[in-house]
Amino acid sequence: MAFPQPRPQVTQLPQHLLRTVECQQGAVRAVRFNADGNYVLTCGSDKSLKLWSVSRGTLLKTYTGHGYEVLDVDSSYDNSQLCSCSSDKTVILWDVASGQVTRKLRGHAGKVNCVQFNEEATVILSGSIDGTVRCWDTRSRRYEPIQILDEARDGISSLKVSEHELLIGSVDGRVRLYDLRMGQIHVDFIGSPITCVCFSRDGQCTLSSSLDSTVRLLDKSTGEMLGEYSGHVNKGYKLDCCLSEKDTHVLSCSEDGHVYFWDLVEGSLSLKLPVGKAVVQSLDFHQTEPRLLTAMEGQVQVWGAEPEDAAVEDG
C-alpha cells in the first residue's frame, strides 16, 4: 500500500520581536549578522561600528577609526576580521579581538556605499558613489587596489561576492554580474536606480531592488525575469532586500516602517511586518535559521519565528 506523502512543512517566518537594542550610535545605517550568525554588527552615523551578542543584545566592542558615517560592514569567514566603509571615502580592515585598525584603504573619490570580503577573506571589494568597485589584497603591504572595475556609469550602491562571481548594483539602473574566472560580464538593464543586489542561497538567481518600489528576481545564467515583487515603498532611500534562509521568501525594507515578505514562487505578499513609524533602513537574514535583523533610526530589532520567554528588551 502507498503511504501518504508527508505534508510539506509550513515555512516559519520571523515575525516575533525577540529584542530591541538601543545602539546609541546615531542612526543605524546598516545591520549585519557576522559569518556564523551569533553576533550582530551595526554601522552608525556617529562614525562608529559596534559588535553585539544576538542572544543577549549586549554590546561586546566598539570600533572607531572612520571620519564620517559608517555605511556597510562585513565579517570574515573565521570572524577574526571586519571590513567597513564610510562616507569618508575609506575602507578599513579591523582586527576583531583587539579592535585595532589593521589597514586603512584610500583611493575612492567619493563615499563608499558597500563592502565585502571574498570567501577566503584575502580580498576586500568596495563599491563607491564614484562609480568604481575596487579590489584590495588584505595580505599585501601595498595600498593600491589590485583591480578596479569601472564599467558602471553612475554610483555603485550594492555588491555581493560568491566564489568567482561578483554582483554589482548601480544607480545607472543596471545589474552587472562579473565572472572573475572567465573575465566576462553580463549586464541586465532594470531602468531604475538599483538600491540593493544579492544572490539566492542556491546561487541560481539574483535579486535586486530599485527606486521604482519593485524587487526583481532574475535567472542568473540567462537574465530572464522570474518574479517581480511590489507593494512596499522605496523611492528615495538605499534599502536592503534579501532572501530567507531557504529561498522560500523575498524580503525588502520599506519607507513605510514595514518589512515585506513575498512568497518567492507565487509572488504574493506573505507578511507585512510592522517595525515602527520611520524608514526601515537595513535588514539581514540569518544564514540557516528563520531569524531577521532590522534597523530603524537608532535601534536594531531581532525577530524570530518563535517567541522567546526571555525576549526582554535590552538597551
Side-chain angles (χ1 to χ4, degrees), residues 10-23 27-33 37 40-43 52 54 57 71-73 114 157-158 160 169 194-201 207-217 227-308 311 313:
V10 178
T11 304
Q12 289 197 298
L13 299 177
Q15 54 189 309
H16 297 279
L17 181 63
L18 304 184
R19 66 190 50 79
T20 298
V21 182
E22 297 285 352
C23 296
V28 177
R29 295 301 182 206
V31 60
R32 304 282 179 251
F33 280 110
V40 175
L41 294 152
T42 54
C43 304
W52 309 82
V54 176
L71 298 177
D72 197 12
V73 63
C114 45
S157 57
S158 178
K160 294 291 186 300
I194 308 296
T195 64
C196 183
V197 292
C198 59
F199 291 101
S200 58
R201 307 275 179 182
L207 194 68
S208 61
S209 62
S210 48
L211 289 182
D212 58 358
S213 299
T214 307
V215 181
R216 293 172 176 87
L217 185 73
E228 281 190 287
Y229 311 89
S230 58
H232 65 301
V233 183
N234 187 4
K235 293 179 177 166
Y237 289 83
K238 177 181 156 1
L239 301 184
D240 290 337
C241 65
C242 70
L243 286 145
S244 60
E245 86 281 15
K246 291 181 180 155
D247 281 341
T248 57
H249 288 80
V250 171
L251 284 76
S252 176
C253 295
S254 179
E255 292 167 23
D256 65 5
H258 293 78
V259 170
Y260 285 68
F261 292 71
W262 296 273
D263 183 284
L264 177 113
V265 177
E266 294 175 7
S268 54
L269 188 66
S270 301
L271 176 63
K272 185 177 168 185
L273 184 69
V275 180
K277 292 196 163 47
V279 174
V280 185
Q281 279 261 304
S282 180
L283 58 76
D284 198 19
F285 211 100
H286 197 282
Q287 290 277 2
T288 55
E289 297 170 17
R291 196 163 279 223
L292 174 70
L293 300 173
T294 55
M296 177 179 284
E297 296 181 322
Q299 296 179 328
V300 164
Q301 298 82 20
V302 184
W303 306 84
E306 302 283 337
E308 269 179 19
E313 288 214 338

Minimum heavy-atom distance between [X] and [Y], given as atom pair plus value:
| X | Y | result |
| --- | --- | --- |
| V31 | S282 | N-OG, 3.1 Å |
| M296 | A278 | CE-O, 3.0 Å |
| Q287 | R201 | OE1-NH1, 3.0 Å |
| F33 | D284 | N-OD2, 2.7 Å |
| V73 | C43 | CG1-SG, 3.6 Å |
| H232 | Y260 | CB-CD1, 3.5 Å |

[X] vs [Y] side-chain heavy atoms within contact, under 4.5 Å:
| X | Y | result |
| --- | --- | --- |
| R32 | D72 | yes |
| L273 | Q301 | no |
| V28 | Q281 | no |
| V233 | S254 | yes |
| V250 | L264 | yes |
| L251 | S244 | yes |

So how far is it from [X] [atom1] to [Y] [atom2], rounded to the nearest 0.5 Å?
| X | Y | atom1 | atom2 | answer |
| --- | --- | --- | --- | --- |
| S270 | W262 | OG | CH2 | 10.0 Å |
| T20 | W303 | OG1 | CH2 | 7.5 Å |
| L217 | L243 | CG | CG | 6.5 Å |
| Y237 | C253 | OH | SG | 12.5 Å |
| E245 | L292 | CD | CG | 10.5 Å |
| K246 | F285 | NZ | CZ | 10.0 Å |

Given the options S210, S208, S209, R216 meets side chain to side chain donor-acceptor pair (under 3.5 Å) only with S210

Are N234 and T195 close enough that a side-chain donor and a side-chain acceptor fall under 3.5 Å?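 Yes, because at least one side-chain N or O of N234 sits under 3.5 Å from a partner of the opposite role on T195.
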
Hey, is the main chain of [Y] close enough, under 3.5 Å, to the side chain of [X] for a donor-acceptor pair?
| X | Y | value |
| --- | --- | --- |
| D240 | L283 | yes |
| S157 | I194 | yes |
| T214 | D212 | yes |
| E255 | K235 | yes |
| K160 | V197 | yes |

On the 0 to 90° scale, with breaks at 30° and 60°, tag the F261-H249 ring pair as parallel, tilted or perpendicular.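 Judged by the thresholds at 30° and 60°, the geometry between F261 and H249 is perpendicular.
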
Kindly indicate, with the supporting measurements, whether the criterion side chain to side chain contact (heavy atoms under 4.5 Å, CB included) is fulfilled by R29 and K238.
CA-CA 10 Å; R29 295 301 182 206; K238 177 181 156 1; over 6 Å; no

